[in-house]
There are 2 protein chains.
Amino acid sequence: MNISAASKAAGLPVKTVRYYANIGLVEAPSRSSAGYRTYDDTAVRKLVFIRRSRAFGFTIEECRDLLGLYQDQSRNSAEVKRIASKRLEEIEEKQRELQSLHDDLSHLVRTCRGDDRPDCPIIDYLG
Amino acid sequence: MNISAASKAAGLPVKTVRYYANIGLVEAPSRSSAGYRTYDDTAVRKLVFIRRSRAFGFTIEECRDLLGLYQDQSRNSAEVKRIASKRLEEIEEKQRELQSLHDDLSHLVRTCRGDDRPDCPIIDYLG
DNA sequence: CCTTAACTCTCCAGTTGCGGGAAAGATTAG
DNA sequence: CTAATCTTTCCCGCAACTGGAGAGTTAAGG
């Protein structure tokens, strides 16, 4: 499988697939005689794993750890849970932050008339 | 006022104050004979305005626009409202995204035993 | 067999919004 | 007078890619 086939199978851009090997997140693929990267199903499965991990917002370093656990048949699920819980707390923190921003900004937007006059509670709030 | 006094008054790091002038977000401050930047209350007010705008998550370019409107006595509040509404929609989009991630990830975390055995619904989901 | 399109390679630069740190000059306190 | 504390400019680094240049490779069609 060449890189574009692997990228389609994994659901990742070609550039990203190369990038993940460059930073050592996945092992460097073997090469054809012309120097083309060749991928097998195992490599694609790892890429899919990373794509799904990234979709949860795990950092590359966290993906590295998760991928290690994925491949470790003697892993402790506690370690996986620890990493996931940490991410969950970050998500909850971000949610609180966004909720606060939303409350404030939506109030301002509602009270702004939005016409051709200069009076504006949004500007008043910011200034 | 030297830069550190202005930075304290504005609630922004010194580096950030310099950065905002470098990218032309605020006008370049006048200089003392030794080349030190000097700030007045007007300059500080603009920096505060930017800090508050940034706190809402407006990009630097949006801050540039908002600052222009702030200083434009003949502005239309409609323009301000348009920019703020756009940001509000982004916030809401992000909230939906985070809610979805939260639902999925919290479910996985709840169902993972988190012990010394390898079985793990989180890994199963990602793999 | 030849052309041409599509694919792949490496390398470098840019993105956003700053932060860190070096080296050099200015100012202030004691 | 000296030491500490500013301040300056400059350049690098972060996260996680993305875009593009320039060069080589391969597959399809005529």
Side-chain angles (χ1 to χ4, degrees), chain A residues 1-26 28-40 43-44 46-67 86-87 90-91 94 97 101, chain B residues 1-26 28-40 43-44 46-67 86-87 90-91 94 97 101:
Chain A
M1 219 188 314
N2 277 348
I3 197 167
S4 68
S7 108
K8 282 189 186 72
L12 288 171
V14 167
K15 280 268 186 182
T16 302
V17 173
R18 268 194 289 252
Y19 174 70
Y20 287 163
N22 284 343
I23 63 172
L25 179 54
V26 297
S30 52
R31 301 290 183 120
S32 74
S33 57
Y36 284 19
R37 291 169 179 82
T38 55
Y39 294 85
D40 57 15
V44 169
K46 290 180 194 174
L47 290 170
V48 169
F49 183 93
I50 295 167
R51 175 172 56 75
R52 296 203 182 123
S53 301
R54 291 285 301 133
F56 271 129
F58 291 109
T59 65
I60 294 289
E61 288 315 304
E62 286 164 343
C63 289
R64 205 184 290 272
D65 295 342
L66 288 170
L67 195 58
K86 174 170 166 291
R87 177 66 192 130
E90 289 168 5
I91 289 172
K94 193 74 187 171
E97 198 182 314
L101 290 186
Chain B
M1 219 188 317
N2 277 348
I3 196 169
S4 68
S7 110
K8 282 189 186 73
L12 287 171
V14 168
K15 280 269 188 181
T16 302
V17 173
R18 269 194 289 252
Y19 174 70
Y20 288 162
N22 283 342
I23 63 172
L25 178 54
V26 296
S30 52
R31 302 289 183 120
S32 74
S33 56
Y36 284 20
R37 291 170 178 82
T38 55
Y39 294 85
D40 57 16
V44 169
K46 290 180 193 173
L47 289 170
V48 169
F49 183 94
I50 296 168
R51 175 172 56 75
R52 297 204 182 121
S53 301
R54 292 283 300 134
F56 272 128
F58 291 110
T59 66
I60 294 289
E61 288 314 305
E62 286 164 342
C63 289
R64 207 184 289 272
D65 294 342
L66 288 170
L67 195 57
K86 173 169 168 289
R87 177 66 192 133
E90 289 167 6
I91 289 171
K94 193 74 185 171
E97 195 183 316
L101 290 186

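Residue numbering restarts at 1 for every chain, and letters A, B, ... go by the order of the sequence lines.
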Heavy-atom contacts under 4.0 Å between residues 28-39 of chain A and DNA chain C, which residues? Arg31(A), Gly35(A), Tyr36(A), Arg37(A)
Residue list, side-chain contact (heavy atoms from CB on, under 4.5 Å) with Tyr19(A), at least two apart or on another chain: Ile23(A)
Taking every non-hydrogen atom, the tightest pair across Ser4(A) and Val14(A): CA-CG2, 4.0 Å
First contact, last contact: which nucleotides of DNA chain D are these for chain A, 5' to 3', heavy-atom distance under 4.0 Å? dA16(D) to dT26(D)
Return the minimal non-hydrogen interatomic distance between Thr59(A) and Arg54(A), and the atom names on each side. CA-NH1, 3.9 Å
Tell me which residues in residues 9-16 of chain A put a heavy atom below 4.0 Å from DNA chain D, sorted by number, or none. Pro13(A), Lys15(A), Thr16(A)
Taking salt bridge (charged side-chain N to carboxylate O under 4.0 Å, His left out) as the test, write out the residues that go with Arg52(A), two or more places apart. none
Looking at Leu67(A) and Leu25(A), what are the two nearest heavy atoms and their distance? CD2-O, 3.5 Å
Return the minimal non-hydrogen interatomic distance between Leu66(A) and Ser53(A), and the atom names on each side. CD1-OG, 4.2 Å
Those residues that, when tested against Phe56(A), pass ring-ring contact (aromatic ring centres under 6.0 Å, His included) (two or more places apart): Tyr125(B)
What are the two closest non-hydrogen atoms of Ala10(A) and Val48(A), and how far apart are they? CA-CG2, 3.8 Å
Please name the pair of heavy atoms, one in Ala9(B) and one in Val44(B), separated by the smallest distance, quoted to 0.1 Å. CB-CG1, 3.8 Å
Partners meeting side chain to side chain donor-acceptor pair (under 3.5 Å) with Arg87(B) (sequence neighbours left out): Glu90(B)
According to salt bridge (charged side-chain N to carboxylate O under 4.0 Å, His left out), who are the partners of Arg37(B), at least two apart in sequence or on a separate chain? none
Judged by nearest nucleotide, the residue sitting upstream toward the 5' end of DNA chain D, Arg18(B) or Tyr20(A), is Arg18(B)
From Ile91(A) CD1 over to Leu101(B) CG, what is the distance, rounded to the nearest 0.5 angstrom? 5.0 Å
Pairs counted as Watson-Crick or G-U wobble with both distances under 3.5 Å: what dot-bracket string results for DNA chain C, using | for bases tied to another strand? ||||||||||||||||||||||||||||||
Go through DNA chain C in 5' to 3' direction and return only the first and the last nucleotide with some atom under 4.0 Å of chain A's heavy atoms. dC7(C) to dC11(C)
Heavy-atom distance under 4.5 Å between the side chains of Tyr20(B) and Ile60(B), does that happen here? yes
Checking Ala28(B) now: which residues fulfil side-chain contact (heavy atoms from CB on, under 4.5 Å) with it, not counting sequence neighbours? none
side-chain contact (heavy atoms from CB on, under 4.5 Å) partners for Asp65(B), two or more places apart: Ile83(B)
